[in-house]
A.B. asks: 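My questions all concern the structure below.
The shown structure was predicted, so the numbers you read here are calculated from the model rather than taken from an experiment. Chain letters run A, B, ... following the sequence lines, proteins first, then strands; residues in each count from 1.
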Number of protein chains: 2
Amino acid sequence: MKTVESLTNTLKANGMKITPQRLMIFRCLEGNTSHPSAEEIYKKVKEVYPTVSFTTIYKTLETLRDLGEIAELTLDEERKHYDPNTETHHHIICSVCKKILDIFDDFSSLIKVPNAVKKDYTVDGFQISFYGTCKECG
Amino acid sequence: MKTVESLTNTLKANGMKITPQRLMIFRCLEGNTSHPSAEEIYKKVKEVYPTVSFTTIYKTLETLRDLGEIAELTLDEERKHYDPNTETHHHIICSVCKKILDIFDDFSSLIKVPNAVKKDYTVDGFQISFYGTCKECG
DNA sequence: CTGTGTGCAAAACGTTTGCATGCCT
DNA sequence: AGGCATGCAAACGTTTTGCACACAG
């Protein structure tokens, strides 16, 4: 799990600085399974640092993503979502409210990469997107 | 397979009109397995109808998507891609050049929807996104 | 002190919309 | 003739960038 401490250490180890804004972003991410968007993180940080800018949020998320500390999810075509859990796992997104739920079942032994694909691509992994509607929306 | 003819018939059956621009879009889509973006279709149509607008491309793609004639793919976070094959299938996208390859293997018997998911969502299906790098980029 | 981070404003990007005109049926 | 389609320009929401200033190390 990505903790405030581990994120801090990783940034320091890469010659980057720890600012109050960044610490607050780390706190928003720690143990967060709600797959927040940049705006959701912005709002949270803004509660404590009212002058924080989107620039800072986006730059920090980009930094964390480039360091492999968070995953950038493309399940919602409207906006990107961020996930501090970078272990392989799967998701289901509600087609109405866009709520994303984690699925930790391991399907790796069941899914064989077809040979036709191996011929043209080097496959690093796969991700299953289930789709449907959550009980609140359905 | 979605042919120019079947697309034409579907639109007519829904009280919609067949214009030269639309016919050209249909021709771009027929048998197309390259998962074109709106811009790629725009460029193709523009070769023949230089005054065509993005509005027309987007509106027509939206119409076809709403009629279930094409699928809108979200695999590339930069832009949407369109697929005239609306049968269930899977994809691999090259993380460098974004080239998308179809995978027609049927994994449906292997993938069971976890009960924890069934509790909160009505699941309509799933889609596997393989990721990696194509031989040209790797 | 040095250089990385911040925040404002503006730009960029893909996409959507309002509206007057065009043209398919 | 009627109504859907077109195309221009402008708006949109998200994300990125240029730049001057601030501050962590």
A.B. asks: Can you check the A:Ile57 CD1 to D:dT16 C1' distance for me, whole Å?
C.D. replies: 15 Å
A.B. asks: Run the side chain to side chain contact (heavy atoms under 4.5 Å, CB included) test against A:Thr63 and tell me which residues pass, sequence neighbours left out.
C.D. replies: A:Met16, A:Arg22, A:Leu67
A.B. asks: Select one nucleotide: of D:dT16, D:dG25, D:dA9, the one nearest the side-chain heavy atoms of B:Thr55.
C.D. replies: D:dA9
A.B. asks: Does A:Thr51 reach a base, just sugar-phosphate, or nothing at all? Heavy atoms under 4.0 Å.
C.D. replies: sugar-phosphate
A.B. asks: Looking at A:Glu30 and A:Arg27, would you say the former's side chain and the latter's main chain have a donor-acceptor pair under 3.5 Å?
C.D. replies: no
A.B. asks: Strictly distance-based, threshold 3.5 Å: is any side-chain N or O of B:His35 a donor or acceptor partner for the main-chain N or O of B:His81?
C.D. replies: no
A.B. asks: Between D:dA9 atom P and B:Tyr58 atom OH, what is the distance in whole Å?
C.D. replies: 17 Å
A.B. asks: How about B:Phe26 and B:Leu64: do any of their side-chain heavy atoms sit closer than 4.5 Å?
C.D. replies: yes
A.B. asks: Of all nucleotides in DNA chain C that come within under 4.0 Å of a heavy atom of chain B, which is furthest toward the 5' end and which toward the 3' end?
C.D. replies: C:dG14 to C:dT25
A.B. asks: Run through B:Arg65, B:Lys2, B:Glu69 and flag the one making a side-chain hydrogen bond (donor to acceptor under 3.5 Å, both in side chains) with B:Thr86.
C.D. replies: B:Lys2
A.B. asks: Check whether more than 12 heavy atoms from other residues, nucleotides or ligands sit under 6.0 Å from atom NZ of A:Lys44, and answer yes or no.
C.D. replies: no
A.B. asks: Using a heavy-atom cut-off of under 4.0 Å over every strand shown, decide if B:Glu78 touches base, sugar-phosphate, or nothing.
C.D. replies: sugar-phosphate
A.B. asks: For B:Asn14 and D:dA5, give me the distance from atom CG to atom P, rounded to whole Å.
C.D. replies: 10 Å
A.B. asks: What nucleotide among D:dC4, D:dG25, D:dG7 has an atom nearest to a side-chain atom of B:Met16?
C.D. replies: D:dC4
A.B. asks: Would you check if B:Lys46 and B:Phe54 make a side-chain contact, meaning some heavy-atom pair closer than 4.5 Å?
C.D. replies: no
A.B. asks: Does B:Ser37 reach the main-chain N or O of B:Lys80 with its side chain, forming a donor-acceptor pair under 3.5 Å?
C.D. replies: no
A.B. asks: Consider the side chain of B:Val52, meaning its heavy atoms from C-beta on, and name the nucleotide among D:dG3, D:dG7, D:dA24 that approaches it most closely.
C.D. replies: D:dG7
A.B. asks: B:Tyr82 or A:Tyr49: which one's nearest nucleotide on DNA chain C is closer to the 5' end?
C.D. replies: A:Tyr49
A.B. asks: Rounded to whole Å, how long is the line connecting atom CZ of A:Arg22 with atom C1' of D:dA22?
C.D. replies: 14 Å
A.B. asks: Roughly how bent is the helix from C:dC1-D:dG25 to C:dT25-D:dA1 end to end, in steps of 10 degrees, with each end axis from five pairs?
C.D. replies: 30°
A.B. asks: A:Gln21 near the nucleic acid: base, sugar-phosphate alone, or nothing, with a heavy-atom cut-off under 4.0 Å?
C.D. replies: sugar-phosphate
A.B. asks: Hey, which of these two, A:Thr19 or B:Pro20, hits DNA chain C nearer its 5' end, going by closest nucleotide?
C.D. replies: A:Thr19
A.B. asks: To the nearest angstrom, how far is A:Lys80 atom NZ from D:dT15 atom P?
C.D. replies: 6 Å
A.B. asks: Are the side chains of B:Val45 and B:Cys28 in contact, using a 4.5 Å heavy-atom criterion?
C.D. replies: yes
A.B. asks: Distance from A:Thr88 atom OG1 to A:Gln127 atom CD, nearest 0.5 Å?
C.D. replies: 8.5 Å
A.B. asks: Nearest-Å distance, CD1 (A:Ile18) to P (D:dG25)?
C.D. replies: 6 Å
A.B. asks: Let me know the distance between NZ of A:Lys59 and C1' of D:dA22, rounded to the nearest Å.
C.D. replies: 14 Å
